[in-house]
Novice: 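Got a structure for you, questions after.
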Amino acid sequence: MLHKSLMGLVLGTALAATSLGFAGTAQAQTKEIQMLHWWTSGGEAAALKVIKDALAKQGYTWKDVPVAGGGGNAAMTTLKAMVAAGNYPTSSQMLGYNVLVYAEAGKLGDLTDLAKSEGWDKAVPAAFQKFSTYDGKWVAVPVNVHSVNWVWINKAVMDKIGGTEPKTFDDFLALLDKAKAAGVTPLALGGQDWQEAILFDDVVLSTGGPEFYKKAFNDLDEASLKSDTMKKSFDNLAKLKAYVDPNFSGRDWNLTTAMVIKGDALVQVMGDWAKGEFHNAQKKPGEDFLCYRFPGTDGSVAYNSDMFAMFDVGADRKDAQVALAKTTMSKEVQSAFNVIKGSVPSRTDVPDTDFDICGKKGIADLKKANDGGTLFGSLAQGYGAPPAVTNAYLDVVDKFFNGQIKTSDEAVTQLVKAINDAK
Ligand code: BGC
């Protein structure tokens, strides 16, 4: 199933080999870390600074290659072109199955010795090692664990409308109705395919429950994909359209979070990188904003983890790459970085002391879900299936949300077809 995505990479190989011929003689960059990522919002930049600063203290310089766009689609396009030209970054932010695509194409380096000496095998849950290792070798490091089944609520607006925590999807609709009646935008949504798909991931998890989510969005079980439950999930997604403001189309996720921070909207459904924006605006959970699991999904965690994929960079850049990996995985950086980023550590041995109440809940939820079999890869965020399938999914959800696909019946038919074609 990885093969569709592999094709583009393999096509670039001949070119890469030619340009490496002369790149190989340049030894000048030993202390430089070239990092491709999509962390361009205020909260994201503040979190990344923790890693940059820790490396600067060790004498490493940072060459930033930022490519905006959550979910990283734009970043992945830039990366593909760089790799095809033989211009490997030291490392790139990557999600889930993308790491495996680059590993399978032979583009990633080997950090197994470092992993062994640092004890990563024991500290990092198997669910994430599935994506940070390939063929028994460590090829990437999981910087964090995010999850997408959260809602972020402005507390002053919540108090004003007399709202309480919504526990079910119907509760959620009732809460949104209250905001509407009070003249506040109920649901802040950024109308980009990946943001709409995050919303749909959550709606499916809420509508069908954990087992259904796994079967449909991790196992790609066709009967589940074409089931009445999936149709009902599309019906539920359609209901949410009524609560979005007229300017939602194309809006960036962080500008959407800002609507909730300012009290222009009640709630955003988004991964916990949204909390990084609240944190960056000096807002406090419980006082200024509230974090709840998406109604009907408490007990499950639909995750994505930012991996730093490590390219096969050659001896002259290896030392800097090892420093990046080691620093990123240190317990201190895992805590300091994730407190700011809104995510939780990928290691299970990092204390939750410095985290706020949302972070503490995130850490506890992750442990419970990992122990209890309710930890699922987010399909919207590259952890449910290989990239071609993810892209097919984003496309169908986007067309449905924007009215090009008109009914839930048609959406289900298109979803099954698109996923089958992409496999
Ligand atoms: C990444 C997050 C990032 C978000 C928005 C997600 O795909 O996992 O780290 O903050 O996109 O840019």
Side-chain angles (χ1 to χ4, degrees), residues 35-52 64-79 91-99 127-128 131-132 140-150 152 188-202 250-258 260 268-281 291 301-309 328 333-334 337-346 358-359 362 366 376-385 387 390-391 393-394:
M35 180 79 210
L36 192 145
H37 62 87
W38 58 95
W39 286 336
T40 53
S41 78
E44 292 171 333
L48 186 56
K49 192 169 174 299
V50 171
I51 298 176
K52 280 187 199 172
D64 216 31
V65 189
V67 187
N73 255 345
M76 288 304 99
T77 306
T78 301
L79 179 67
S91 177
S92 172
Q93 181 188 0
M94 250 185 225
L95 298 175
Y97 281 88
N98 257 314
V99 178
F128 313 129
F131 296 99
S132 61
V141 293
V143 188
N144 60 10
V145 183
H146 275 299
S147 49
V148 300
N149 57 318
W150 288 106
W152 307 94
L189 179 77
Q192 297 172 345
D193 57 6
W194 70 274
Q195 298 186 64
E196 295 156 358
I198 282 177
L199 181 60
F200 192 54
D201 267 14
D202 291 350
R251 186 166 47 217
D252 287 338
W253 70 270
N254 53 320
L255 302 181
T256 309
T257 310
V260 178
Q268 181 184 23
V269 177
M270 189 41 58
D272 37 16
W273 47 90
K275 204 196 70 189
E277 298 305 296
F278 284 97
H279 188 273
N280 199 44
C291 56
V301 171
Y303 82 92
N304 72 316
S305 161
D306 289 303
M307 296 279 168
F308 282 179
T328 302
V333 168
Q334 284 276 314
F337 171 87
N338 285 303
V339 160
I340 299 178
K341 184 69 174 64
S343 38
V344 304
S346 63
C358 307
L366 175 61
F376 309 113
S378 156
L379 182 58
Q381 282 285 301
Y383 275 85
T390 303
N391 288 336
Y393 168 63
L394 299 193

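Only heavy atoms go into these numbers, but all of them, side chains included; no hydrogens, no water, no symmetry mates. Atoms within a ligand are numbered from 1 in the order they appear, just like the ligands themselves.
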Novice: Taking atom 2 (C) of ligand 1 as the point of reference, which of His37, Lys341, Met94 owns the nearest heavy atom?
Specialist: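 Comparing heavy atoms across His37, Lys341, Met94, the nearest one to atom 2 (C) of ligand 1 lies in Lys341.
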Novice: Going by distance only, is there an N or O of Leu95 that falls short of 3.5 Å from an N or O of ligand 1?
Specialist: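 It does not: no N or O of Leu95 is found under 3.5 Å from an N or O of ligand 1.
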Novice: Side chains of Glu277 and Asn254 only: does a donor on one sit below 3.5 Å from an acceptor on the other?
Specialist: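 Note: Glu277 and Asn254 side chains miss the donor-acceptor criterion.
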Novice: Report, in ascending order of atom number, the atoms of ligand 1 lying under 4.0 Å from any heavy atom of Gly71.
Specialist: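 Listed by number with element, the hits are 6 (C), 7 (O), 11 (O).
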Novice: If I compare all heavy atoms of Trp38 with all of Gln93, which pair ends up nearest, and what's the gap?
Specialist: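 Heavy atoms of Trp38 and Gln93 come nearest at N-OE1, 2.8 Å.
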Novice: Can you pull out the closest protein heavy atom to atom 7 (O) of ligand 1? Residue, atom name and distance to 0.1 Å, please.
Specialist: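 It is Gln381 OE1, 2.5 Å.
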Novice: Please confirm whether Gly72 approaches ligand 1 to less than 4.0 Å, judged on its heavy atoms.
Specialist: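 Contact absent.
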Novice: Nearest protein heavy-atom contact for atom 9 (O) of ligand 1: which residue, which atom, what distance?
Specialist: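 Ranked first by proximity to atom 9 (O) of ligand 1 is Asp306 OD2, 2.6 Å.
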Novice: With heavy atoms of Trp253 as the reference, note each atom of ligand 1 found under 4.0 Å away.
Specialist: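 Heavy-atom distances to Trp253 below 4.0 Å select 5 (C), 12 (O).
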Novice: Quick one: look up the protein heavy atom nearest atom 11 (O) of ligand 1 and list residue, atom name and how far away it is.
Specialist: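 Sorting protein heavy atoms by distance from atom 11 (O) of ligand 1 puts Trp38 NE1, 3.1 Å first.
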Novice: Glu44 versus ligand 1: do any nitrogen or oxygen atoms come within less than 3.5 Å of each other?
Specialist: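 Indeed, backbone or side chain, Glu44 has an N or O that close.
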Novice: Can you check whether Asn144 has an N/O within less than 3.5 Å of an N/O in ligand 1?
Specialist: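 Such a contact does not occur with ligand 1.
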Novice: Taking all heavy atoms of Val145 and all of Ser346, pick out the closest pair and write down the distance.
Specialist: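 Shortest heavy-atom separation between Val145 and Ser346 comes out as CG2-CA, 3.8 Å.
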Novice: Looking at the rings of Trp39 and Phe337, which for Trp means the six-membered one, are their centres under 6.0 Å apart?
Specialist: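 That pair passes the under 6.0 Å test.
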Novice: Look at atom NZ of Lys49 and say whether more than 12 heavy atoms of other residues, nucleotides or ligands are closer to it than 6.0 Å.
Specialist: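 12 or below, so no.
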Novice: Could you say whether the N/O atoms of Trp273 and ligand 1 ever approach to under 3.5 Å?
Specialist: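 No.
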Novice: Going by heavy atoms in the side chains, are Val99 and Ser132 under 4.5 Å from each other?
Specialist: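 Heavy-atom side-chain distance check fails, nothing below 4.5 Å.
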Novice: Side chains of Asn280 and Glu44 only: does a donor on one sit below 3.5 Å from an acceptor on the other?
Specialist: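 There is no such pair between these side chains.
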Novice: Using 30° and 60° as the class boundaries, would you call the ring planes of Trp194 and Trp273 parallel, tilted or perpendicular?
Specialist: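 Trp194 and Trp273: tilted rings.
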